[in-house]
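Quick note on labels: first sequence line is chain A, next is B, and so on, each numbered from 1. All figures in this text were calculated on a predicted structure; none of them were measured in a lab.
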2 protein chains.
Amino acid sequence: MSKRLASIAPVALDDTDRALLAALAQDARQPVSELARVVGLSAPSTAERVRRLEAQGVIERFTVQIDPRALGFTLQAIVRVKPLPGQLHLVEEVIRRIPEFVECDKVTGDDCFICRLYLHSIEQLDEILSKVTERAETSTAIVKSTPVARRLPPLG
Amino acid sequence: MSKRLASIAPVALDDTDRALLAALAQDARQPVSELARVVGLSAPSTAERVRRLEAQGVIERFTVQIDPRALGFTLQAIVRVKPLPGQLHLVEEVIRRIPEFVECDKVTGDDCFICRLYLHSIEQLDEILSKVTERAETSTAIVKSTPVARRLPPLG
DNA sequence: GATGAAATCCCTGTAAT
DNA sequence: ATTACAGGGATTTCATC
């Protein structure tokens with residue numbers, strides 16, 4: 001089943017949509033009745049809006065945000081990965097298979113991949129990167145703090 | 001305003017917790033009754049588990065995942081930012097204030113910040129980075145694809 | 001054509017086993 | 001942890017603007 005392509009024209013949001021998305025970003029499990037109260041609409045209209053935003057593809061999904069530290073992932077690293085000649089696809093596959101790589105983007109420029117890693121310890125960093133370093137050069141940065149945690153893009 | 005520290009000992013999850021988190025990651029708005037069916041427990045027990053995971057800090061929040069492309073953000077960039085001497089705090093503040101920076105980590109190493117930007121066009125990249133380049137050196141990579149979209153860390 | 005209102009149905013939370 | 005029960009929320013239909 002192919003994902004729906006984003007329409008050529010971006011979806012235009014009104015103030016109500018923006019308030020709705022902000023409220024859902026804060027707590028996606030709150031009841032429609034509560035959302036309705038927040039945005040100042042009736043419950044059916046509010047439910048209809050949410051459905052429309054899903055159908056338009058603005059809402060990809062409702063999900064849960066996990067705190068990795070609570071699970072013992074005390075360390076976070078951002079690794080730039082530059083595959084050796086001919087190893088690009090294999091490297092991508094290796095990254096995809098290692099669950100500690102929680103995010104990976106393929107980018108322009110010298111470093112082909114930029115990835116985020118969750119780790120239990122500094123020793124584990126070596127352990128995991130060793131599966132990649134045979135096939136790529138890596139450059140690692142340890143996360144010290146997160147001035148901006150993943151947030152919504154501007155909705156205006 | 002200090003956030004709760006992760007407990008010294010990481011939270012131990014059992015198979016039911018793992019199934020629950022996976023189901024919630026897929027659709028955080030599904031009713032407890034449905035979750036109960038999925039994990040093979042009664043509804044009250046399931047609701048209790050969800051509450052416990054929240055109280056333990058494993059679940060940070062329930063949120064909504066927006067597709068930036070549906071809103072016209074056709075471009076995504078990852079920018080490394082190295083503030084000039086004495087400009088570190090100001091640079092951090094500038095980044096925090098620009099909503100197109102949807103994510104920013106402070107890291108070890110030569111580049112102080114690694115940020116993710118959502119953009120409507122390549123022209124907007126210049127426009128936004130110009131607010132930073134007076135106070136920092138930047139290095140920009142355009143995202144071509146995302147082999148691993150933000151996923152849950154290993155729960156085992 | 002979309003919003004608000006009412007009725008039915010289902011879900012959630014509580015208490016007791 | 002489950003079952004039963006009481007209360008509240010969600011969805012559908014209908015009427016309205």
- request: Have a look at Ser33(A) and say if it touches a base, only the backbone sugar-phosphate, or nothing, with a 4.0 Å heavy-atom cut-off.
  value: sugar-phosphate
message: Need one value for Arg52(A): base, sugar-phosphate or nothing, where a base atom within 4.0 Å counts as base even if backbone is also close, heavy atoms only.
response: nothing
- prompt: Think Arg49(A) has a side-chain N or O under 4.0 angstrom from the OP1 or OP2 of dA2(C)?
  reply: no
- prompt: Between Glu103(B) and Arg116(A), is there a side-chain N and carboxylate O pair less than 4.0 Å apart?
  reply: yes
- request: Identify which nucleotide among dT12(C), dG13(C), dA6(C) has an atom closest to any side-chain atom of Ala47(B), counting heavy atoms from C-beta outward.
  value: dG13(C)
message: Measuring to OP1 and OP2 of dT3(C), would you say a side-chain N or O of Ser42(A) lies under 4.0 angstrom away?
response: no
message: Using a 4.0 Å heavy-atom cut-off, does Pro44(B) contact any base of the nucleic acid, only the sugar-phosphate backbone, or nothing at all?
response: base
task: Starting at OG of Ser145(A), measure out to CD of Gln76(A) and round the result to the nearest 0.5 Å.
output: 10.5 Å
- prompt: Between Arg51(B) (CZ) and dT12(C) (P), how many Å, whole number?
  reply: 11 Å
- prompt: Between atom CD in Glu48(B) and atom C1' in dT3(D), what is the gap in whole Å?
  reply: 16 Å
- request: Determine whether more than 12 heavy atoms belonging to other residues, nucleotides or ligands lie under 6.0 Å from atom CD of Gln26(A).
  value: no
- prompt: So, Arg61(A) and Asp27(B), do they make that salt bridge, N to O below 4.0 Å?
  reply: no
- request: Give the rounded distance in Å between these two atoms: CG of Leu35(B) and C1' of dC11(C).
  value: 12 Å
field: Integer-rounded Å distance: dA1(D) P and Leu41(B) CG
entry: 6 Å
- request: Could you check how far CD of Gln30(B) sits from P of dC10(C), rounded to whole Å?
  value: 18 Å
statement: Among the nucleotides dT11(D), dG9(D), dC11(C), whichever has the atom closest to the side chain of Ala43(A) is dT11(D)
field: Contact nearer the 5' end of DNA chain C, comparing Gly40(A) with Arg29(A)
entry: Gly40(A)
